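Atoms considered below: every heavy atom in the structure, side chains included; atoms not considered: hydrogens, waters and symmetry mates. Computed from a predicted structure; not experimentally measured.
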Amino acid sequence: MFRTDSSWWVSCVLALGLFVHAQTQAQLRVEVTGVGSNQLPIAVPKFQVDGGQVPQEVDEIIRADLVRSGIFKLVDTGNTPIPESARVDLPDWKSKGADAVVVGSVARQADGRFDIRFRLYDAVKQQQIDGLSYLSSVAELRLNSHRIADRIYEKLTGVRGVFATRIAYVVQLSKTSFELQVSDADGANPQTALRSREPIMSPSWAPDGVRLAYVSFETAKPVVYIHTLTTGERRPIANFRGSNSAPAWSPDGKSMAVALTRDGPTSIYLMNSDGGSPKRLTNSGAIDTEPHFAADGKSIYFTSDRGGGPQIYRMDLAGGNVQRVTFTGDYNVTPRLSPDGRMLVYVSRRNNKFQVQSLDLGSGQEVALTDTTLDESPSFAPNGRLLLYATEVNGRGVLASASTDARVRTRLTGPTGDVREPTWGPFIK
Amino acid sequence: MIYRTQLQQLFVFSAALAVLVGCASTPLEEKAAPVAEKSAPAPMPAPTPGPDARAVQRVDTAPKEIDPLADPNGTLAKRSVFFEFDRFDVRGEFQPLVEAHGRYLATQKQRHIVIEGNADERGSREYNLALGQKRADAVKSRLTLLGATDQQIETISYGEERPRTNGHDEAAWAQNRRADIVYK
C-alpha cells in the first residue's frame, strides 16, 4: 500500500527549460510547453532550522508546490540556510535571476510544536510583500507548508493557491480489491476512506470538504452513498431499482443530481442531499447521465446521446431549456465547468484518441489540454487553473494534471495498482 | 410336410395325440403302430418365442430429457452477445443465439436470467455504465419479442468496471463490449 510517512508522488525538482521534456525514473514528470516560458523565477533558499530535527522539510514542500504549479522556476540557492530574520540582499538575488525571494525559519518549541516564519520579497520592486508566522503541531507541518506556498502563489499571481487542498480518487489493487483514498493535493498522506471487494466509481466532494458521494457496487449493483470522512459514517442516498450513479453536488450542498434507471433508460434526477424522492429532470428516451452543476447553481451540464452519439448538453434546474453545447466530433462526454463559468472541459474522442478538451464558452474556441490518449474524469482545481484527470500510461491507470492554459502538464503515479476517478476538493477553510 | 388344410392338420394332430395318449403310460411296444408313411405326423413346431416371462420392462412416468442448457455443444451454450464501439444494437450474427435463448425461455417459464451489460474501458465510466445497461436492455427486448416474459429477465450493467480481459488493445476491447446471459 502507499507509505504514509512520505509523499508517494516523488516530487522531484527538475531542471526546466523551454520545450524540455524532463523524465525522471520516479513518478513525477513535469513537462513545460508553450511559446516562451513566462515562468516567474523565484529563489527559495533552505530555511533555518533551530531546536533539532524537523520531521518535514518545510522549504522543500514549498519549492515542490511552486514548481508543480508550472508558474515558477527555481533559481539555484546553494545549500546554506538563510533565516527569516536575515537581511536579504535583493539586488544580489535579482542579479542571480530571481524576481522573488522567500526566506524562512522553523524553530522547535518547548511544547513540541514548531514556530514557522517566512518572508516573501519582490526582488524587482525591492520590497517585502508578505510575512507570517505559524505555530504548528507536528501533524500539521505539511499543511502549514502548503499554506505558505498558497500565500506566495497568491501574492505573486493574484490567484488563490490550491496547495493546501485535498484530492480523492479510486485505486484498484486487484480484481477484488478497491479503495477510495483521500490525499493532499501533492499526493502525500494518502488515507483510505473505503475498502471494498467490489468496484467504486464517481467520487465527488461535497462543498463542505468533509463528505464524499460515490457509487459502490458492494451490493452487486450500483448504489450512491454519502460518506462523512471524519467519522466513516455513510448512508445510501440513492438505492432505487436498477442503477444509481453519477452523483453531483449543487454548489450549496443541499441538492444532488444523480443518474437513475428506475424508470427506464438512464435519466437525470434531482434529489435533496438528505435523501428522499427524486425529481426527474430528463426523459429523452436516450442515455442522459453525468450531471454537473454550474458554479452559480442555476444550470446543469450533462452527457446525452439523444442526438445519436454522446454530446454535452445544458439545462436549467427544472430540466427545461435543453441546449446542445458540443458539436465537434461524435463523442464528447464528462462535462466540467470552470469555477468562473467561462470554460467547459470534457473528454472527446478524436482520431481514436480520448483527450480532455477545453471550450471557451465565450469565443467557442476549443483546445486540447493533454498529450495522453485514454483520458477520463477531468476535475477542476477550485481556483480553476489546473485540471486533474485520469489516464493510462504503459497499461497502468495514473493521474495527471494539466494547466487550463494547456501549458503545464504533470503525471502522478501510485506505487501499485491502477489509480483513477480523481476529484479535486474545495478550498479549505 | 405341408398340410393342405387346417382339417388335415387337425386330423394329423388328433392322430398324433391318439398315438401319444396311447403311449403315455405304457412302455412303447416294439412293433410300430401302423402309420401312413406319406402323412406321418411330424412333431409340432415349437411355438414362436414370446417375451421372456421373467423380464421386467421399466416405465418412466417422467421421461428423462437432456437439459439443453447443460449441453456444451448446443445452441444455448453461447451466452454472450458482442457489440461495436458505442453501439447497443444486436447484430445479425448474434440473432441465432438470441433466438435460441428466447425460445428456450418462452417454453421454460420457470427459468430466470440476469443479463449483464458491459463496455470497454475507453471513454467515460458513467457513460459506459449507461451503455452497458442499454446493451443488456437491447438483448432483453429481443428475448421478450421471442416469447420470454418481462418477469423472467433482469438487466444490470457493470459498465467498464468488470472487464473480462484486461488488455488495452482492440482485441481486448472487443471482448468487453458485451452482454452476458446468466441463468439463475
Aromatic B/Phe88 / basic B/Arg135 pairing, under 6.0 angstrom, 45° off normal: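 No, cation not above the ring by the 6.0 Å, 45° rule.
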
Leading residue by heavy atom contact count with chain B [cutoff under 4.5 Å; candidates [options]]:
options                                : value
A/Gln172, A/Met201, A/Lys175           : A/Met201
A/Val215, A/Ile287, A/Val333           : A/Ile287
A/Asp305, A/Val347, A/Asp288, A/Thr303 : A/Asp305
A/Pro222, A/Gly395, A/Pro310, A/Ser243 : A/Pro310

Set of residues satisfying side-chain contact (heavy atoms from CB on, under 4.5 Å) with respect to [X], sequence neighbours excluded:
X        : value
B/Asp169 : B/Ala171, B/Ala172
A/Ser196 : A/Glu198, A/Ile200, A/Glu218
A/Gln323 : A/Arg314, A/Asn321

If I measure from the heavy atoms of chain A, does [X] come under 4.5 Å with its side chain, its backbone, both, or neither?
X        : value
B/Glu121 : both
B/Asp86  : side chain
B/Tyr158 : both
B/Glu170 : neither
B/Arg162 : side chain

Engaged part of A/Tyr346 at the chain B interface, taking heavy atoms whose separation is under 4.5 Å: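 For A/Tyr346, there is no contact with chain B at all, as no heavy atom is under 4.5 Å.
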
Residue A/Ser377 versus chain B: region with a heavy atom under 4.5 Å: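 Neither part.
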
Passing candidate, side-chain hydrogen bond (donor to acceptor under 3.5 Å, both in side chains) with B/Tyr183, options B/His112, B/Arg111, B/His101: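 With B/Tyr183 as partner, B/His112, B/Arg111, B/His101 yield a single side-chain hydrogen bond (donor to acceptor under 3.5 Å, both in side chains), made by B/His101.
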
Distance-only side-chain donor-acceptor flag, A/Arg211 / A/Tyr225, under 3.5 Å: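 A/Arg211 vs A/Tyr225: no donor-acceptor pair found between side chains.
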
Test: B/Arg79 and B/Asp180 ion pair at under 4.0 Å: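 Not counted as a salt bridge, because no side-chain N and carboxylate O are separated by less than 4.0 Å.
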
Salt bridge B/Glu99-B/Arg103, side-chain N to carboxylate O under 4.0 Å: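 Result for this pair is yes, salt bridge flagged.
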
Within residues 125-133 of chain B, residues adjacent to chain A where the heavy-atom gap is under 4.5 Å: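 Contacts with chain A: B/Arg125, B/Glu126, B/Tyr127, B/Asn128, B/Leu129, B/Ala130, B/Leu131, B/Gln133.
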
Donor-acceptor contact present, side-chain B/Lys184 to main-chain B/Val114, <3.5 Å: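 No, the answer is negative, given that no donor and acceptor are paired below the 3.5 Å cut-off.
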
Ring centres under 6.0 angstrom apart (A/Phe302, A/His292):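 Aromatic pair excluded; centres sit 6.0 Å or further apart.
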
A/Tyr301 and A/Phe293, any side-chain heavy atoms less than 4.5 Å apart: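 They are not in side-chain contact.
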
